[in-house]
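Below are the structure tokens for one structure; questions will follow.
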Amino acid sequence: MTIPTLKPRILIPEKVSPDGLALLKDRFHVDEKKGLSAEELKTIIGDYEALIVRSETKVTADLLQAAKKLKVVARAGVGVDNVDVKVATSLGIIVVNSPIGNINAAAEHTVALLMSVARNIGEANSSIKAGKWERSRLVGVEAKGKTLAIVGLGKVGLTVARIANGFGMRLLAYDPYASESLAAAASVALLPTLAELLQEADFLTLHTPLIASTKGMIGKAELATMKPTARILNVARGGMIDEDALLAALDDGTIAGAGIDVWTSEPPEAESSATRLIAHPKVVATPHLGASTKEAQENVSIDVCEQVVSILSGELPRSAVNAPIILPEEYRTLQPFVSLVEKMGSLYTQHYSNRVNAQSFRTTFDITYEGALTNLHTTKPLFAGLVKGLLSPITSSDGLNINLVNAELVAKHRGILINEHRSRENVEDKPYSSFITLRARASRSTSHARSDKNISRSTSPSAARTLLSPTTSLTGVDGSTPIGKNDAEDQVIQGFVSGTQPFISRLDRFKGEFVPKGTLLICRNFDSCGKIGFVGSLLGKAGVNIKFMNVAPLHDDVEEAEATNEGGNKADAGNEALMILGVDRPVGDDVVQGLIGPEGVVEASVVTL
Ligand SMILES: NC(=O)C1=CN([C@@H]2O[C@H](COP(=O)(O)OP(=O)(O)OC[C@H]3O[C@@H](n4cnc5c(N)ncnc54)[C@H](O)[C@@H]3O)[C@@H](O)[C@H]2O)C=CC1
Ligand SMILES: O=C(O)C(=O)COP(=O)(O)O
């Protein structure tokens, strides 16, 4: 009997170089299973945390939805057109690739095809092997002095350009997003339109990804504008050239030749235009070999396996296709704050919805980072932590995996609006370097225009993640929207980190200082004798032990605001306090209900953080 492994499992359904796999085998259970059908793959994918593929495996929405534990799809290569990145993103699955490892291989293969097509190497090879000696039929052309027209001047395109420059070719390119200076440094002239490029080409080479704008970009109409002596190369993706149209152009003699590595369907379907192209005497064909060198395969394998190790160890990968780029040092600094905002979000949802007479879950939040946090390059991990915290108490445990990859999308789908603010007000008068304030707005205008003293304008560089997208916002000196008559309705949670320990420093209108951990009973009560004893004895009767207790009086800002409010009833408000009790087990609804009453507390909630 085999003993089941508890190590995370990695599935590799294609040939991936062993150099990278060696990095995985000690820590993970690695299954190399080649030749699986789509159905077989779908049946087993639920067991795996990571999937490593090349271009053959179709990572479809259907497969991803069946992959209950999958954290990462690693593409050992560049093109991710075989991966449904959109669905992976919505499921919180990170997609990584190896953007550099096989560039040189692809470029050299392009040049190999260029020379083969120029000198009829394919035909000559078949001819001589067939015992023929056909020198005059197989006269070629030289690359030197010819125009190489490059569509897509990215990594492969530029590498091809640099090699072709050594051949003495004239270099032109069409790429609306290319860098002028990089092009100039590689002696490439950028043309404004594809049409102009096509007319100039002696050799046309494609190096774009397969996306909507490049699918079928070279069809009958485009081929008709090219020189009849032109030759076409495709080491990018099948589907960018219309195979029927190319076949017809070669047959009609309106195009002189082609070197093709990639096909609309791989392997090409029998009796298709692709198979006719492969058999065509003017075509040099290869079976998607652009990246197939020993060196490239080592590179991409090590690159993606290292990233799989990072992701399965809870760290960020270096080349995520669908995750924001965050510097590792920054991520380490942010980690305790991510934990803090996650706790704040979870506390928010549980506290405000668990209370008797709870108001409905509010969906417009202001989160303000201040002090040292204002210097961050990104607040995306904090945003993701907040969304996760807000939703995890109301999402089933096997439900949505909310992380950096999908937090914005999830928030959008749930209709949650989060305005992020950075308050430049310094916190020197406070004992901690960075506060975070979460404020759920009572329904009122989103404009905070007012003329209170102590108001400063905060920078809101990441406000784009809100659907309201304010460019600036007004904040109080503590980084929160200032408290006033209408704001008494806002629900506020504030916290800070000391060392690596998150603390909550304000909840509702009360200032306290407690560690957001374990099960907490939160009671609002009139600050009079006997309340603590009453709560303690009721909990004791229910067999609940109190591990710690914190009494939180009214927050200074609230006292001040309520004192200055016309008609504010300071006597009532000032008389209230919050009691936070750390307890050793969940407290039942009946016990909570029993706490509420004239002898007991005004309001109570139980949260587990
Ligand atoms: N045959 C093989 O084995 C290999 C194929 N490839 C393929 O080569 C292609 C290029 O790879 P890289 O150079 O690494 O990508 P890249 O992302 O560095 O470059 C792509 C370039 O295409 C440009 N582009 C995008 N849309 C365009 C449009 N509509 N018109 C003109 N230019 C457009 C972009 O601005 C970019 O400069 C990819 O499709 C990749 O999958 C890459 C490696 C091996
Ligand atoms: O990296 C790419 O985009 C490639 O096309 C290479 O594909 P492969 O890994 O050889 O199946």
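Just so it is clear, the values below take in all heavy atoms, side chains as well, and ignore hydrogens, waters and symmetry mates. Positions are given from 1 along the sequence. In each ligand, atom 1 is the first atom listed, and ligand 1 is the first ligand listed.
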Exercise. For the side chain of Asn97 and the backbone of Gly79, is there at least one donor-acceptor N/O pair under 3.5 Å apart?
Worked result: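 Such a contact is absent between Asn97 side chain and Gly79 backbone.
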Exercise. In terms of residue, atom name and distance, what is the protein heavy atom nearest to atom 11 (O) of ligand 1?
Worked result: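 Sorting protein heavy atoms by distance from atom 11 (O) of ligand 1 puts Val156 CG2, 3.7 Å first.
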Exercise. Any idea which residues sit under 4.0 Å from ligand 2, heavy-atom distances?
Worked result: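 Residue list for ligand 2: Arg54, Ser55, Arg75, Ala76, Gly77, Val78, Gly79, Asn102, Arg237, His288, Ala291.
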Exercise. Do the non-hydrogen side-chain atoms of Phe167 and Leu148 ever get within less than 4.5 Å of each other?
Worked result: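 A side-chain contact is absent here, since even the closest heavy-atom pair is not under 4.5 Å.
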Exercise. Quick one: does Val338's side chain get under 4.5 Å of Leu382's, heavy atoms only?
Worked result: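 Yes, at least one pair of side-chain atoms sits under 4.5 Å.
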For this session: Could you check if a side-chain atom of Pro99 sits within less than 4.5 angstrom of a side-chain atom of Lys155, using non-hydrogen atoms only?
Result: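 Side-chain contact under 4.5 Å: yes.
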Exercise. Can you list the atoms of ligand 1 that are under 4.0 Å from a heavy atom of Val235?
Worked result: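 Those of ligand 1 that fall under 4.0 Å from Val235 are 1 (N), 2 (C), 4 (C), 5 (C), 6 (N).
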N/O donor-acceptor pairs under 3.5 Å from side chains in residues 206-216, not counting sequence neighbours:
from, atom 1, to, atom 2, distance (Å)
His207, NE2, Thr205, OG1, 2.7
Thr214, OG1, Pro209, O, 2.6
Thr214, OG1, Ile211, N, 2.9
Thr214, OG1, Ile211, O, 3.1

Exercise. Is there at least one pair of N or O atoms, one from Met217 and one from ligand 1, spaced under 3.5 Å apart?
Worked result: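 Not met; the criterion fails.
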Problem set entry | Heavy atom of the protein closest to atom 24 (N) of ligand 1 (residue, atom name, distance) |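 Closest protein heavy atom to atom 24 (N) of ligand 1: Thr208 CG2, 3.8 Å.
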Exercise. Around atom CD of Gln65, are there more than 12 heavy atoms of other residues, nucleotides or ligands at under 6.0 Å?
Worked result: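 Yes, because the 6.0 Å sphere around CD of Gln65 holds more than 12 heavy atoms from other groups.
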For this session: Determine whether the side chain, the backbone, both or neither of Lys155 has a heavy atom under 4.0 Å from any heavy atom of ligand 1.
Result: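 It is both backbone and side chain that touch ligand 1.
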For this session: Step through the shown structure and confirm whether more than 12 heavy atoms of other residues, nucleotides or ligands are within 6.0 Å of CD on Glu142.
Result: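 Result for CD/Glu142: open.
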For this session: Identify, for atom 3 (O) of ligand 1, the protein heavy atom at the shortest distance, and state residue, atom and that distance.
Result: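 Closest protein heavy atom to atom 3 (O) of ligand 1: Ala291 N, 3.0 Å.
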Problem set entry | Numbering as shown, the atoms of ligand 1 that approach Pro176 to under 4.0 Å (heavy-atom distance) |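 Answer, ordered by atom number: 30 (N), 31 (C), 32 (N).
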Problem set entry | Ligand-residue contact atoms, ligand 1 with Gly154, heavy atoms, under 4.0 Å |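 Those of ligand 1 that fall under 4.0 Å from Gly154 are 13 (O), 18 (O), 19 (O), 21 (C), 37 (O).
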Problem set entry | Crowding at NZ, Lys294 (>12 non-hydrogen neighbours, <6.0 Å) |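 It does not: Lys294 NZ has 12 such atoms or fewer within range.
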Exercise. Can you check whether Glu222's main-chain N or O pairs, donor with acceptor, with Thr225's side chain at less than 3.5 Å?
Worked result: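 The answer is yes, because a donor-acceptor pair under 3.5 Å joins these two groups.
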Problem set entry | Top protein contact for atom 10 (C) of ligand 1, by heavy-atom distance |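 Minimum-distance protein heavy atom for atom 10 (C) of ligand 1 reads His207 O, 3.4 Å.
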For this session: Considering the heavy atoms of Val262, write down every atom of ligand 1 situated less than 4.0 Å from one of them.
Result: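 By the 4.0 Å cutoff, the relevant atoms are 1 (N).
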For this session: Do me a favour and list the nearest non-hydrogen protein atom to atom 8 (O) of ligand 1 with residue, atom name and distance?
Result: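 Checking every protein heavy atom, the shortest distance to atom 8 (O) of ligand 1 gives Ala236 CA, 3.8 Å.
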Exercise. Taking atom CG of Asn102 and atom CD of Glu108, what is their separation to the nearest 0.5 Å?
Worked result: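 The distance works out to 12.0 Å.
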Exercise. Under 3.5 Å, side chain of Asp261 to main-chain N/O of His288, donor-acceptor pair present?
Worked result: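 Checking the backbone N and O of His288 against the side chain of Asp261, a donor-acceptor pair under 3.5 Å is found.
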For this session: Sort out for me which residue in Ser98, Pro317, Ser319 forms a side chain to side chain contact (heavy atoms under 4.5 Å, CB included) with Val304.
Result: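 Only match with Val304 under side chain to side chain contact (heavy atoms under 4.5 Å, CB included): Ser98.
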Exercise. Does Leu206 have a non-hydrogen atom less than 4.0 Å from ligand 1?
Worked result: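 Judged by the 4.0 Å heavy-atom criterion, Leu206 does not count as contacting ligand 1.
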Exercise. Considering distance alone, does some N or O of Ser213 sit under 3.5 Å from an N or O of ligand 1?
Worked result: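 In this structure, Ser213 places an N or O atom under 3.5 Å from an N or O of ligand 1.
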Exercise. Is Asp81 touching ligand 1 with its side chain, its backbone, both, or neither, if touching means heavy atoms under 4.0 Å apart?
Worked result: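 No part of Asp81 is near ligand 1 at this cut-off.
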Problem set entry | Nearest non-hydrogen protein atom, atom 40 (C) of ligand 1 |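 Residue, atom and distance for the closest contact: Val78 CG1, 4.0 Å.
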For this session: Below 4.0 angstrom from a heavy atom of Ile103, which ligand 1 atoms are there? Numbered from 1 as shown, please.
Result: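 Near Ile103, meaning under 4.0 Å from one of its heavy atoms, ligand 1 has 14 (O).
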Exercise. What residue and heavy atom of the protein are closest to atom 43 (C) of ligand 1, and at what distance?
Worked result: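 Nearest neighbour among protein heavy atoms for atom 43 (C) of ligand 1, to 0.1 Å: Asn102 OD1, 3.3 Å.
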Exercise. Just by modelled atom types, is the Gln335 backbone N or O under 3.5 Å from a matching donor or acceptor in the Ser339 side chain?
Worked result: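 Not at all, since once roles are kept as given, no pair shorter than 3.5 Å links the two residues.
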For this session: Tell me which part of Asp175 gets within contact of ligand 1: side chain, backbone, both or neither, using heavy atoms under 4.0 Å.
Result: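 Both backbone and side chain of Asp175 come within 4.0 Å of ligand 1.
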Exercise. Which of the atoms of ligand 1 are close to Gly79, meaning less than 4.0 Å from one of its heavy atoms?
Worked result: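 Within the 4.0 Å cut-off of Gly79, ligand 1 contributes 41 (O).
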For this session: List the closest protein heavy-atom neighbour of atom 28 (C) of ligand 1: residue, atom name, distance to the nearest 0.1 Å.
Result: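 Of the protein heavy atoms, Thr214 CG2, 3.9 Å lies nearest.
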For this session: Using non-hydrogen atoms of the residue, decide whether Ala178 is closer than 4.0 angstrom to ligand 1.
Result: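 Contact absent.
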Exercise. Taking the side chain from Glu14 and the backbone from Thr57, do they hold a donor-acceptor pair closer than 3.5 Å?
Worked result: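 Pair found, side chain donor or acceptor close to backbone of Thr57.
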Exercise. With a cut-off of 4.0 Å, which atoms of ligand 1 are near a heavy atom of Ala106?
Worked result: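 It comes down to these atoms of ligand 1: 43 (C), 44 (C).
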Exercise. Checking salt bridge (charged side-chain N to carboxylate O under 4.0 Å, His left out) for the pair Lys25/Glu32: CA distance, chi angles, key distance, verdict?
Worked result: CA-CA 11 Å; Lys25 287 187 170 155; Glu32 290 178 81; 3.5 Å; yes
Exercise. If you count the atoms of ligand 1 from 1 in the order shown, which ones are under 4.0 Å from a heavy atom of His288?
Worked result: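 The list of qualifying atoms is 1 (N), 2 (C), 3 (O).
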For this session: Could you tell me whether a side-chain N or O of Glu200 sits under 3.5 Å from a main-chain N or O of Thr147, the two making a donor and an acceptor?
Result: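 Answer holds: no.
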Problem set entry | Cation-pi, Tyr48 ring and Arg9 (6.0 angstrom, 45 degrees) |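 So Arg9 does make the cation-pi contact.
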